[in-house]
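Have a look at the structure below, then the notes.
Ligands are counted one by one from 1 in listed order, and the atoms in each one are counted from 1 as well.
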Amino acid sequence: MVPASPSAARLNWIKNSVEYVRSNIQAMDGYTPGEQPQGGKFIKLNTNENPYPCSPKVKAAIGRVCQTGLQRYPDPAATAFRRQLCELLTGELPDISPEWILCGNGSDDILTIITRTFVDTGDVIRYPNPSYVLYKSLADIQGAEVDVANYQSDWSLPPEFSEPQDRLKLALLANPNSPSGTIVPAAAVAEIADALPCPLVVDEAYVDFADANCLALVAENEKIMVTRTLSKSYALAGLRFGYVVAQPQIISELAKVKDSYNCDALSIAGATAAIEDQAWLAENRAAILATRERLTNELRSLGFECVDSQANFVWCRHPRHDSAQLYRDLKSVGVLVRYMNYPHWGEGLRITVGTDDQIEAFLAILHPLLH
Ligand SMILES: *Cc1c(COP(=O)(O)O)cnc(C)c1O
């Protein structure tokens, strides 16, 4: 039947268009990132950003790109960054060449590319609980099912994590983990990867704050992909740059799925300059680790239970105080921390390691809330 008028037809389409949305998208909640209040009146200890400004060399490199102009498309392969990264990582992974690296618009983009490459509707994605909440959203978007294995009480992985399962296509492991800051040793990760029937992503977003990493495993096992980001340790969350290291035959498949220009000219130049300045990284890391130790000790002396963290945050609970209430009380006086409540696990507070001044102010505010 011919519609009465074009506008009536359009109205009808608008009314019904939501019904055309894929059913798994309609059903999903969508990922909620930590609060990002704009304006800066909070002491912000909720999303694991680095509290210090990035290396001045990053700003200089971005400035040079601006001067040259932005009328051309960027290098789709981010070659300058990949070459620089090879120089940085060759000591740990002697086989590495640019063909082992794919860059992305933050490592969330990398995780999306990996999921789209390996996981079909009805397939299964496995990850531990509690961990990075984005993994569930990635599965939901694909229309995949999730198989969640609870961490054991000592933050090691349960045996189920490595067991074969029908339609299991991808396993994801944040290492160091968020929210716990704990690490699964490389030897255990190697065994898990050998036992798993599917590829394993080792999400090393926080690895620069840790004592160890899984990079060397990539040469031994083509199932292992190591993802990293410049958001945390290089203080570049606002720039958006991450990468994955995997064997070249895997990288070529991932490259088919990414947007052609997923990294822009400014972020490629900034990220390249950032990893070139290892003196900045070493100094920043030392500052964060010193503050992390202070924060952990102070929290424990206030009665909190906290695990030793290998990341730039500390996960804690107080046996006599409700975490949600503490979160709200802190927020009402201008301190943002992350309150998390995980299904089949429980709740707690994740506190990002800020500057010494921020942590001192936080502790001064926290102390009277506990009486
Ligand atoms: C922050 C984070 C990421 C991603 O960060 P990007 O800013 O997208 O690079 C990935 N995994 C974990 C566990 C994180 O905490």
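With 3.5 Å as the limit, one finds no donor-acceptor pair spanning the side chains of Gln358 and Lys44. Side-chain contact of Asn46 with Tyr327: a donor-acceptor pair under 3.5 Å is absent, judged by distance alone.
Nearest-residue assignment for atom 15 (O) of ligand 1 (options Tyr206, Tyr132, Tyr135; heavy-atom criterion): Tyr206. The heavy atom nearest to atom 1 (C) of ligand 1, out of those in Arg240, Glu204, Arg228, Lys232, is found in Lys232.
Annotation: side chain of Asn24 is not in contact with side chain of Met28 (no heavy-atom distance under 4.5 Å). Counting only heavy atoms from C-beta outward, the side chains of Thr112 and Leu138 approach each other to under 4.5 Å.
Taking a cut-off of under 4.0 Å to the non-hydrogen atoms of Ser231, the atoms of ligand 1 that pass are 6 (P), 7 (O), 9 (O). In the vicinity of Gly106, heavy-atom distances shorter than 4.0 Å reach the ligand 1 atoms 8 (O), 9 (O). Applying the 4.0 Å criterion to heavy atoms of Ala205 picks out, from ligand 1, the atoms 2 (C), 3 (C), 10 (C), 11 (N), 12 (C), 14 (C).
Using a distance-only test at 3.5 Å, with no hydrogens or angles considered, no donor-acceptor pair links the side chain of Glu305 to the main chain of Pro319.
Considering CD of Glu204 and CG of Asn175, their distance stands at 6.5 Å, rounded to 0.5 Å.
Among protein heavy atoms, atom 13 (C) of ligand 1 sits closest to Asp203 OD2, 3.5 Å.
Residue contacts with ligand 1 for Ser107 involve both N, CA, C or O and side-chain atoms from C-beta outward (heavy atoms, distance under 4.0 Å).
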